[in-house]
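Since the structure comes first, as structure tokens, the remarks are kept for the end.
All of these numbers come straight from a predicted model, not from anything done at the bench. Chain naming here is simple, since letters A, B, ... match the order of the sequence lines and numbering starts at 1 in each.
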2 protein chains.
Amino acid sequence: MAYEQLKLDNQLCFRLYTAARLTMGAYHPYLDPLGITYPQYLVLLVLWEQDKQPVNDIAHKLYLETNTVTPLLQRMEKAGLVKRTKGKEDTRQRIVSLTKKGINMREQAKHVPECLSADIIKNEGSVEEIAQMISTLDKLIEGLKQQ
Amino acid sequence: MAYEQLKLDNQLCFRLYTAARLTMGAYHPYLDPLGITYPQYLVLLVLWEQDKQPVNDIAHKLYLETNTVTPLLQRMEKAGLVKRTKGKEDTRQRIVSLTKKGINMREQAKHVPECLSADIIKNEGSVEEIAQMISTLDKLIEGLKQQ
DNA sequence: TCAATTTATATCGTTCACGATGCAAAAATA
DNA sequence: TATTTTTGCATCGTGAACGATATAAATTGA
């Protein structure tokens, strides 16, 4: 019966979609006090690893389009977390750099990953299963990345 | 070094978030011709399993809030896929039912799951790994569902 | 060198997602 | 029964995502 496949329970994507939303929701207790959203936190993670990057590099590392990242960065600039300056060699580029506030937030967010890990492990139990899933997700993402 | 944990690579949520977006993107070639989005497809899956459900039941099955589902259903009604009628016993309820167009779309969407499975398996390889991941995702979702 | 093409970013429009709030109907309770 | 509380849905505002389109700067190539 082909219709069997149309059942919600059978679908991988639905679980990814749901798990992603619920996991992002689990960040709320830790990110709300900092006044940032999860996508903004991702941008900060990228900039904490390496400051002063063009929009394109940030978008690429997050697998996002620049038309998603540009407004995101504009909001973050308005919030005083980043600065966006014209590129020196290539004036088409916008170099995004951390402000003092953006730099300081790294210290305030230091414990977020541990808190999340604790929340997830507490709920799920097996560290090995999570590790295995991360590996499978990486392969899935790698495959889907190139259309 | 606590900062090590702040690295993007270490994060489960980032992978779920990315995999979910890319997987939803993989539905585009199959859903665009039908004129529906992925969340709309999810609503149809729910209604194909059982027609005539109140907004709340649909939202619950998709782990979404009613304030997400209501506008979604309004757009689907405008597109002629569903009808929304006042509940008989409980007049607060809105009973959502499929139109002819909504019913017929089941046949047109019959092969979508196979196509997606093929795309994913082709890219990833191991069916067992996907099955294992689905099981882990279910536990993760179950744990996160109750805050 | 000058036109054609590509690249980096921005803008626009539509659809989600969700917290906060509103409102009427139902249920609970005094 | 009258009042309070809860429930079901809707509306509003904000922040993503992303396809389509625009624009200026850089690159390519004739």
Side-chain angles (χ1 to χ4, degrees), chain A residues 13-14 16-29 31-32 35-43 53-60 62-79 81-82 84-96 144 147, chain B residues 13-14 16-29 31-32 35-43 53-60 62-79 81-82 84-96 144 147:
Chain A
C13 184
F14 174 61
L16 290 171
Y17 160 80
T18 304
R21 280 189 305 105
L22 294 181
T23 310
M24 281 172 62
Y27 277 85
H28 264 122
L31 298 185
D32 284 357
I36 56 175
T37 64
Y38 181 70
Q40 291 174 10
Y41 173 64
L42 290 180
V43 171
Q53 295 188 55
V55 175
N56 221 4
D57 289 20
I58 298 172
H60 202 253
L62 299 178
Y63 303 104
L64 289 168
E65 304 298 320
T66 61
N67 57 1
T68 297
V69 175
T70 291
L72 188 51
L73 291 170
Q74 288 169 341
R75 284 186 290 269
M76 291 178 75
E77 186 171 46
K78 213 161 129 190
L81 294 164
V82 301
R84 299 182 311 140
T85 53
K86 275 238 189 291
K88 296 267 165 63
E89 322 89 71
D90 189 335
T91 64
R92 290 172 307 176
Q93 289 187 332
R94 285 281 216 161
I95 308 298
V96 182
L144 291 170
Q147 281 70 338
Chain B
C13 186
F14 174 61
L16 289 172
Y17 160 80
T18 304
R21 278 190 306 104
L22 294 181
T23 311
M24 281 173 62
Y27 276 86
H28 264 123
L31 298 185
D32 284 358
I36 56 175
T37 64
Y38 182 70
Q40 291 173 9
Y41 173 63
L42 290 181
V43 170
Q53 296 189 53
V55 175
N56 221 5
D57 289 19
I58 297 171
H60 202 254
L62 299 177
Y63 303 104
L64 289 167
E65 305 297 321
T66 61
N67 57 1
T68 297
V69 175
T70 292
L72 188 52
L73 291 170
Q74 288 169 342
R75 284 185 290 268
M76 292 179 75
E77 185 171 46
K78 213 160 128 190
L81 294 165
V82 301
R84 301 182 310 140
T85 53
K86 276 233 190 295
K88 295 267 165 67
E89 322 91 70
D90 190 335
T91 63
R92 290 172 306 178
Q93 288 186 334
R94 284 281 215 161
I95 307 299
V96 182
L144 290 170
Q147 281 70 338

> Yes or no on side chain to side chain contact (heavy atoms under 4.5 Å, CB included) for A:Leu81 and A:Arg75, after CA distance, side-chain angles and deciding distance?
Replying inline: CA-CA 9 Å; A:Leu81 294 164; A:Arg75 284 186 290 269; over 6 Å; no
Starting from [atom2] on [N], measure out to [atom1] on [X] and report it in whole angstrom.
X: B:His60; N: D:dG8; atom1: NE2; atom2: C1'; value: 14 Å
X: A:Arg92; N: C:dA10; atom1: CZ; atom2: C1'; value: 14 Å
X: B:Glu89; N: C:dA27; atom1: CD; atom2: P; value: 10 Å
X: B:Gln93; N: C:dA27; atom1: CD; atom2: C1'; value: 14 Å
X: A:Lys86; N: C:dA10; atom1: NZ; atom2: C1'; value: 10 Å
X: B:Leu62; N: C:dC16; atom1: CG; atom2: C1'; value: 13 Å
X: A:Ile58; N: C:dA8; atom1: CD1; atom2: C1'; value: 13 Å
X: A:Gln53; N: C:dA8; atom1: CD; atom2: P; value: 14 Å

> Is the shortest heavy-atom distance from the side chain of A:Leu42 to the side chain of B:Tyr17 under 4.5 Å?
Replying inline: yes
>> Counting C-beta onward and ignoring hydrogens, is there a side-chain heavy-atom pair between B:Val55 and B:Arg94 closer than 4.5 Å?
In response: yes
> Can you check whether B:Thr91 has a side-chain N or O nearer than 4.0 Å to OP1 or OP2 of C:dA26?
Replying inline: yes
Rounded to the nearest 0.5 Å, how far does [atom2] of [Y] lie from [atom1] of [X]?
X: A:Lys86; Y: A:Ile95; atom1: NZ; atom2: CD1; answer: 11.0 Å
X: B:Gln40; Y: B:Leu72; atom1: CD; atom2: CG; answer: 5.5 Å
X: B:Met24; Y: B:Leu31; atom1: CE; atom2: CG; answer: 9.5 Å

> With the sugar-phosphate defined as primed atoms, P, OP1 and OP2, and the base as all remaining atoms, what B/S/- string results for nucleotides 10-18 of chain D, 5' to 3', for protein heavy atoms under 4.0 Å?
Replying inline: SB---SBBB
